[in-house]
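Below: the structure, in structure tokens.
Please read all numbers here as calculations on a predicted model, not as lab measurements.
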Amino acid sequence: MYNSLRMRDIASQIHPQTNLAAHETVGPTIMARGEGAYVYDDDGKQYIEGMSGLWCAALGMSEKRLVEAATRQLNTLPYYQNFAHRATEPAIELSERLLKIAPVPMSKVLFQSSGSEANDTAVKLAWYYFHAQGKPEKKKIIARNRGYHGTSIASASITGLPHLHREFNLPLPGFLHVTCPHFYREGLPGETEEGFATRLADELDALIVAEGPDTVAAFFAEPAMGTGGVVIPPKTYFEKIQKVLKKHDVLLVADEVITGFGRTGAWWGSQTFGLEPDMITCAKALTAAYMPLSAVLLNERLYAGMRAQSEKIGVFGHGYTYGAHPVACAVGVEALRIYEEDGIIDGVAALEERMAAGMRPLIDHPLVGEVRGVGLMWGVEIVRDKETREAFPADMQFGVGIQNRAFENGLVCRSLGTAIAFAPPLISTPEQIDAIVSRFRDALDRSLDAYLAGGGRLGKQ
């Protein structure tokens, strides 16, 4: 029997990425408090937050400096807008800090409240820029299958996940997708990683030529895919992709919403994987999730075009009520200070090594086809047949079962397609990393035992 709080939730709230009918029966797990890398439900049970919430709580759940930064700003100026020549000191300082740490030279920063809004904005800026260049037909957007860029109308159109499109009338016309750069799933027999990368670059080149280079505006890519199942790009992939984009004057937008601010072991995933983007979108760890905030960083080439266009029209007709919110920006400034002053990002390398030491041996488990990761984002590919790489049928929701058993063990991880994903806070201890692996291995073992006991069969091991 649900307590009153659970009943109130069922009666009043819609939960994203949830089976709404099932939720009326299952109800919510209500999280009541957090401490470091742990969260506690309203019954007092402790969980290791192995996903940093949604990839975002990089500094854990009890960083007092961020609370104090928000409180100071709330007591000083709790809100002001930045339309029509208005500004606040936190927004100015955060813009300067972002430009200083950008992986390639960037000219300006534009703030929003979410990663979806940031990617929507990047689409609009690409269109606006090419209008300024006298090329209004240069407006098609290319992204990758299984890429994730948000759930608003434009950002979901960029996203390459079918369940975000189905019966929402998406993607919009002019949003195109190419092969996911997952060598394990998409590589051909006998193909090398570099050969795979070459084939994908050739595919992109052929698509741009077929559509007409004068109609293609931008290519969106996460340096390492997150919600698509933690996909690490194959060797030479971005080197070859960027040559194609430069040849056809197609902008590169690096979606760093997940990979920014230490997740891959560097400030930016673009540094880890050698991207030289024209625009960067970021969010999540920008404030370590303590306040909603996102940003688009754009280079001087784009800004010069935007400036000329707004001068011609008389106004830059874009913006959000809560863009550059002073409290969110103050928290963002403090988060960047903590990453730098406390050596948080420098410390990811040791935690990556610890996680790799625990995760990689899972490749010997009967249910595991691949273990992949970088920094503190890892994916474990679940298979029914290790030899053929056959996945479990989607309607079995086998990965969800593993996820749920891990949750019973006090571990938050996430089933994403055929993979289980992990993204613990950057302040996790080595012992917490070990506990993540141990609790997950137990969930794997119990899932295998239940499957075999129910008459299930695996392929050749």
Partners meeting side-chain hydrogen bond (donor to acceptor under 3.5 Å, both in side chains) with Arg439 (sequence neighbours left out)
none

Can a donor-acceptor pair be found, under 3.5 Å and without considering hydrogens, that links the side chain of [X] to the backbone of [Y]?
| X | Y | result |
| --- | --- | --- |
| Trp268 | Ile101 | yes |
| Tyr79 | Leu74 | no |
| Lys138 | Pro213 | yes |
| Ser428 | Pro424 | no |
| Gln432 | Thr429 | yes |
| Glu352 | Gly375 | yes |
| Arg97 | Val333 | no |
| Glu49 | Met51 | yes |
| Arg86 | Ala84 | yes |
| Arg360 | Arg372 | no |

Assess whether side-chain contact (heavy atoms from CB on, under 4.5 Å) is satisfied between Val178 and Leu200, documenting all intermediate values.
CA-CA 8 Å; Val178 291; Leu200 267 55; over 6 Å; no

Ignoring hydrogens and geometry beyond distance, is a side-chain donor-acceptor pair present between [X] and [Y] at under 3.5 Å?
| X | Y | result |
| --- | --- | --- |
| Thr215 | Glu137 | no |
| Ser52 | Arg263 | yes |
| Gln403 | Ser415 | no |
| Asn82 | His325 | no |
| Gln46 | Tyr40 | yes |
| His182 | Glu370 | yes |

Parallel, tilted or perpendicular for [X] and [Y], by the 30°/60° rule?
| X | Y | result |
| --- | --- | --- |
| His165 | His177 | tilted |
| Tyr339 | Phe261 | parallel |
| Tyr47 | Phe407 | parallel |

Measuring from [X]:[atom1] to [Y]:[atom2], what's the distance to the nearest 0.5 Å?
| X | Y | atom1 | atom2 | value |
| --- | --- | --- | --- | --- |
| Ile142 | Leu245 | CD1 | CG | 8.0 Å |
| Ile436 | Leu411 | CD1 | CG | 6.0 Å |
| Phe316 | Ser310 | CZ | OG | 8.0 Å |
| Glu68 | Lys64 | CD | NZ | 8.0 Å |
| Ile433 | Met359 | CD1 | CE | 8.0 Å |
| Met225 | Thr259 | CE | OG1 | 12.0 Å |

Salt-bridge test for [X] and [Y]: reply yes if a basic N is under 4.0 Å from a carboxylate O, no otherwise.
| X | Y | answer |
| --- | --- | --- |
| Arg337 | Asp342 | no |
| Asp434 | Arg354 | yes |
| Asp205 | Lys243 | no |

Let me see the working for Phe440 and Asn409 under side-chain contact (heavy atoms from CB on, under 4.5 Å), right down to the final yes or no.
CA-CA 8 Å; Phe440 177 63; Asn409 290 347; over 6 Å; no

Only distances under 3.5 Å count here; give the side-chain donor-acceptor pairs of residues 117-126 to other protein atoms, sequence neighbours excluded, each with its distance to 0.1 Å.
from   : atom 1 : to     : atom 2 : distance (Å)
Glu117 : OE1    : Ser113 : N      : 2.8
Asn119 : OD1    : Thr281 : OG1    : 3.0
Asn119 : ND2    : Gly115 : O      : 3.4
Asn119 : ND2    : His149 : O      : 2.8
Asn119 : ND2    : Asp255 : OD2    : 3.0
Asp120 : OD1    : Ser152 : OG     : 3.0
Asp120 : OD1    : Ser155 : N      : 2.8
Asp120 : OD2    : Ser152 : OG     : 3.2
Thr121 : OG1    : Glu117 : O      : 2.8
Thr121 : OG1    : His318 : NE2    : 3.2
Thr121 : OG1    : Tyr320 : OH     : 3.4
Lys124 : NZ     : His318 : ND1    : 2.9

Evaluation steps, side-chain contact (heavy atoms from CB on, under 4.5 Å), between Glu239 and Glu194
CA-CA 11 Å; Glu239 174 188 342; Glu194 292 195 14; over 6 Å; no

Report yes or no: is the cationic atom of Lys108 (NZ for Lys, CZ for Arg) closer than 6.0 Å to the six-membered ring centre of Tyr303, at no more than 45° off its axis?
yes

Taking it one step at a time, do Met291 and Leu66 satisfy side-chain contact (heavy atoms from CB on, under 4.5 Å)?
CA-CA 9 Å; Met291 289 291 292; Leu66 298 183; over 6 Å; no

Hey, would you say the Phe183 and Phe196 ring centroids sit under 6.0 Å apart?
yes

